[in-house]
2 protein chains.
Amino acid sequence: MVVALADRSGREPREPKYYVVKRHLLDIIGTLPPGTLVPTERLLMVQLGTSRTTVRQALGELVGEGRLVRRQGSGTYVAEPKVHWPLRMTSFTEQAHATGHAASTELIDAGREKATDEIAARLDVRVDALVHRIERLRLVDDVPMAVETSHLSAQRFPGLAKLLRRGDSLYRVLREEYGVVPVTAEETIETASASPREAELLGTETGAPMLVLSRHSFAADGSPVEWVQSWYRGDRYRFVTRLTTD
Amino acid sequence: MVVALADRSGREPREPKYYVVKRHLLDIIGTLPPGTLVPTERLLMVQLGTSRTTVRQALGELVGEGRLVRRQGSGTYVAEPKVHWPLRMTSFTEQAHATGHAASTELIDAGREKATDEIAARLDVRVDALVHRIERLRLVDDVPMAVETSHLSAQRFPGLAKLLRRGDSLYRVLREEYGVVPVTAEETIETASASPREAELLGTETGAPMLVLSRHSFAADGSPVEWVQSWYRGDRYRFVTRLTTD
DNA sequence: CTCCAAAATTGGACTAGACAATTTCGGATG
DNA sequence: CATCCGAAATTGTCTAGTCCAATTTTGGAG
């Protein structure tokens, strides 16, 4: 490993004006409990000698970071801290129960569509082959938490959509109806921004920062079973995992 | 588990004007290879009958998602795909070598400071007790990848800063000089936005979306050893883990 | 042809303001 | 006292523009 003292002493990063506003707001927020009202945009604009656009840029960033909440017609408030959401435990429902919360799932849409290049590659089917597309909303204590979109081969799992509409869990249907159990998976985590649709389902704003967890799961014989993307609000959730070296 | 058909048929989400611009840009981007120039802001403004502010909002979101790259004075270009970065393997250096890249680390700053409430709680020291603060820049093939800020108890690890300045790896110093080996850790992953400092170190813009990985590690006796936060550019990196159910 | 300085182009930051959507609150009314 | 309604307050969206900074292009001098 190469280690060297960094010579980054050149020019210090120049600070945009909106960032001065942001630091001022962080000072204000620091001591206040969640739910406290912060000054209005027009007041901040006058107090800090700037335009409303600049104030809104600072506010918008803090909202995206989960430090503030804006309510049209009402005001801007100090936000609740982010919720820690454990990864890699057994199932969504058990995770919630383990922490004393009620989990539920709403089936938003279940149908079939033609596989795009990416879906076809992930599910090992031909391009334009029919695949199931299952969209569900995960809720904890009746608050929307994540939008999940699953893709599975329609040829391998015929009639899946109908079974799911009866209200069964996806993994139980896979096991009991098709004898398929995913045993390995590759998960990726990345940032994204909310589309109008996701924003509405999750009660946030279009463009809001999101955490996207994608899981690509495989059966014991190595065949791909499911490809699912779960969209979480980045301002509200923080993923937690426990590591051990052994 | 409660499952119900969702009745979210009310009003469809209304689409902001900037989102029309964004979708238009996504159409353009879709077929083009990385490095391709996209239309200028002023041209898009005229073509789409909107203001430059609105065009820039759409462009800015796509830049944050890693789909576009803007270069002042030059133009806006289709970006390279995100880099997959494996989590939870052994060490930073080995991860890079395993994929055929050269890893290096620059020591930006190493000194001592008084523990804030949060640091004190995490390191199990008194508030205002001295703690080491070590800031390093991780590079892959000489491209900055992440800014890491570590905190360790100064009382437990006397003289650590001097040892690190000699160029040793942190974990080797802990093991060989102090006989301490972290065996468990709790990791959290969340979104954030870049400060001017992080933006400059990583070559991105202030406010750009980031992925922040925090690791709180413990020795075999359960005592906290280190608390480290690693800031990655969210437009460039995507974390990957492999799961097995057994 | 080469080189250099000026001009043009392009993105970056910020301002001022108009109007819409929503919430809040107080006054009129029953 | 309760209810309804409208004005005021507040955030949401979008426009039109200015000025600046960085880069690229152009064109003239040599």
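Note on naming: letters A, B, ... go to the chains in the order of the sequence lines (proteins, then strands), and numbering restarts at 1 for each one. Being a predicted model, the structure only gives us computed values, none of them experimental.
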Taking every non-hydrogen atom, the tightest pair across [X] and [Y]:
| X | Y | value |
| --- | --- | --- |
| B:Glu226 | B:Ser150 | OE2-OG, 3.0 Å |
| B:Ala199 | B:Glu205 | CB-C, 3.5 Å |
| A:Ala115 | A:Val131 | CB-CG1, 3.9 Å |

* Asked: Does the side chain of A:Thr76 pick up a donor-acceptor pair with the side chain of A:Arg70 at under 3.5 Å?
  -> no
* State whether a side-chain donor-acceptor pair under 3.5 Å links B:Gln57 with B:Thr54. =>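 No, no side-chain donor-acceptor pair sits under 3.5 Å.
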* Gap separating the CG atom of B:Asp27 from the NZ atom of B:Lys22, nearest 0.5 angstrom ->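 So the gap between those two atoms works out to 13.0 Å.
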* To do: Could you tell me the separation between the CG atom of A:Leu43 and the P atom of D:dA9, rounded to a whole number of Å?
  =>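 Value for this atom pair: 13 Å.
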* Asked: Quick check: does any side chain N or O of A:Arg233 sit under 3.5 Å from a backbone N or O of A:Leu202, one acting as donor and the other as acceptor?
  -> yes
* With distance as the sole test, does A:Thr191 use its side chain to make a donor-acceptor pair with the main-chain N or O of A:Leu211 at under 3.5 Å? -> no
Got a list of protein N/O to nucleotides 11-15 of chain C N/O distances below 3.5 Å?
from   : atom 1 : to      : atom 2 : distance (Å)
C:dG11 : OP1    : B:Thr76 : OG1    : 3.3
C:dG11 : OP2    : B:Glu41 : N      : 2.9
C:dG11 : N7     : B:Arg42 : NH1    : 2.8
C:dG11 : N7     : B:Arg52 : NH2    : 3.3
C:dG11 : O6     : B:Arg42 : NH2    : 3.1
C:dG11 : N2     : B:Gln72 : NE2    : 3.0
C:dG12 : OP2    : B:Arg56 : NH1    : 2.8
C:dG12 : OP2    : B:Arg56 : NH2    : 3.2
C:dG12 : OP2    : B:Arg70 : NE     : 3.2
C:dG12 : N7     : B:Arg52 : NH2    : 2.8
C:dG12 : O6     : B:Arg52 : NH1    : 3.1
C:dC14 : OP1    : A:Lys17 : N      : 2.5
C:dT15 : OP1    : A:Lys17 : NZ     : 2.7
C:dT15 : OP2    : A:Thr50 : OG1    : 2.8
C:dT15 : OP2    : A:Ser51 : N      : 3.0
C:dT15 : OP2    : A:Ser51 : OG     : 2.8
C:dT15 : OP2    : A:Thr54 : OG1    : 2.8

* State, to the nearest 10°, the angle formed by the axis through the first five base pairs of the helix from C:dC1-D:dG30 to C:dG30-D:dC1 and the axis through its last five. =>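 Comparing the first five pairs with the last five, the axes sit 10° apart.
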